Amino acid sequence: MRTPAAWVPLSDQEVVRHAVMGRDSAYRELIRRYQRPVFSLIYRMVRDRELAEDLAQETFVKVLNAIESYRPEYKFSSWIFKIANNAAIDHLRKRSLDTLSLDGSPHAQTADAVEATTLQIGDNRESALDEVTSRELGAQIEEAIGNLRPEYRSCILLRHVDGRPYEEIAEILDLPLGTVKTYIHRARNELRILLADMHDE
Amino acid sequence: MNAPEPHHLTADELDAILDGTIVERASVHVAGCTVCRTMVELDRRVVDALAILPPVDPAPGFSPRVMARVSIHSPPVQVTVRALGARRRVVVGAALVGAAVAGGFAWATSNPAEALAWAEPALQGIGQTLWTSLQAAAANMVEQPWFDGTRDLLAAPARAIPVIGAAAALYAAALVGLRRLLAEPVPDARW
């Protein structure tokens, strides 16, 4: 049995090879390596801890149950971040569709439920989160990230929080390299403006 | 005559400055352009603030929760090179024996008289040897001290059945034991 420390010198590809051979300690090592960055990315994308927990769990279950289909010519990190990002984006798209419904949730069974889920004009669920309680830059930037378009959010988090190279971000997001650069540039511009606005307030 | 428009930083040049891989033209331009210098300073503040955002950990017990939902992949049985070589030798040997038998049969069919002339003395010799061996074995057995007792026992079926049953059970147990002894060890796939 390998101790957790014995996995440290091994590359992701090598750990995956052990996982494909059926070693459950290799599975645990992959979770140990990626639970923090994957959870951080998803949490900053969806801004809901409980939901992020569910989506991160789904991401790992999906990746680890398909471990034999991993192609070692690609980075493991690209693969897992791609699945994590897709999970978060899918959720955000679904949520924005739900938010746009003017007639209440299609799943509402009673009149009260329909009323409760009916869109109130001027009601912005994120605006409650937008209240700046702390003047620290970290809190401000977290909030500003939440106001970016989801695609910009993924790009800026992968580039400047995780420190991924442009090429890997393009691979993760299935976008041309030029588009990734443009998104990051625009995201930085928006963050600059959002932070300036927060300071003005 | 109008002064030429200043060429402000491109997005790539701005990235290069922020990454610390400064392009010479860009650094010269930033030194003399207030607009670009301000943009670089503001962008740097944003990038620095992003870089120091703390990582967020999932709730304790995340790993066991994931593992509870994961099916550990079972690898296909690996055939070693040695086992593969042995298997190949057996197949080649069986093919050679089969070919020899088939060839012999084909020759005997096409030359029956010659085949019989060759086979008859050999068959006679084999038959004679078998008969002599059987007689010798029977004579030897009759001389054994346990022979009379066994003959008496087998003469009464009520006594013979439990004895034969016990012998059969012993034989089956011995077979199972032998099979376990000869079974190849299964490699433990988990550490």
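Since the structure is predicted, the reported quantities are computational estimates derived from the model, not experimental observations. Residue numbering restarts at 1 for every chain, and letters A, B, ... go by the order of the sequence lines.
- In this structure, D57(B) and F39(A) have side chains that are not in contact, with every pair of non-hydrogen atoms separated by 4.5 Å or more.
- Separating the CD1 atom in I156(A) from the CG atom in L50(B) is a distance of 5.5 Å, to the nearest 0.5 Å.
- The shortest side-chain heavy-atom distance between L14(B) and H185(A) falls under the 4.5 Å cut-off.
- Rounding to the nearest 0.5 Å gives a distance of 5.5 Å between CD of Q57(A) and CZ of R65(B).
- In this structure, chain B has no heavy atom under 4.5 Å from any part of A52(A).
- Using a 4.5 Å cut-off between heavy atoms, P64(B) makes no contact with chain A at all.
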Salt bridge (charged side-chain N to carboxylate O under 4.0 Å, His left out) between R159(A) and D15(B), intermediate numbers included: CA-CA 11 Å; R159(A) 174 68 189 149; D15(B) 280 341; over 6 Å; no

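- Taking OG from S63(B) and CG from L30(A), the interatomic distance works out to 10.0 Å, rounded to the nearest 0.5 Å.
- Put simply, the side chain of D24(A) never gets that close to the backbone of I72(B): no donor and acceptor are under 3.5 Å apart.
- For K181(A) and D12(B), the salt-bridge test passes: some basic side-chain N is under 4.0 Å from an acidic carboxylate O.
- By the 4.0 Å N-to-carboxylate-O rule, E58(A) lies close enough to R69(B) to be salt-bridged with it.
- For chain A, the nearby part of L18(B) is the side chain; its heavy atoms alone come within less than 4.5 Å.
- Rounding to the nearest 0.5 angstrom, the gap separating the CE atom in M39(B) from the CG atom in N189(A) is 7.5 Å.
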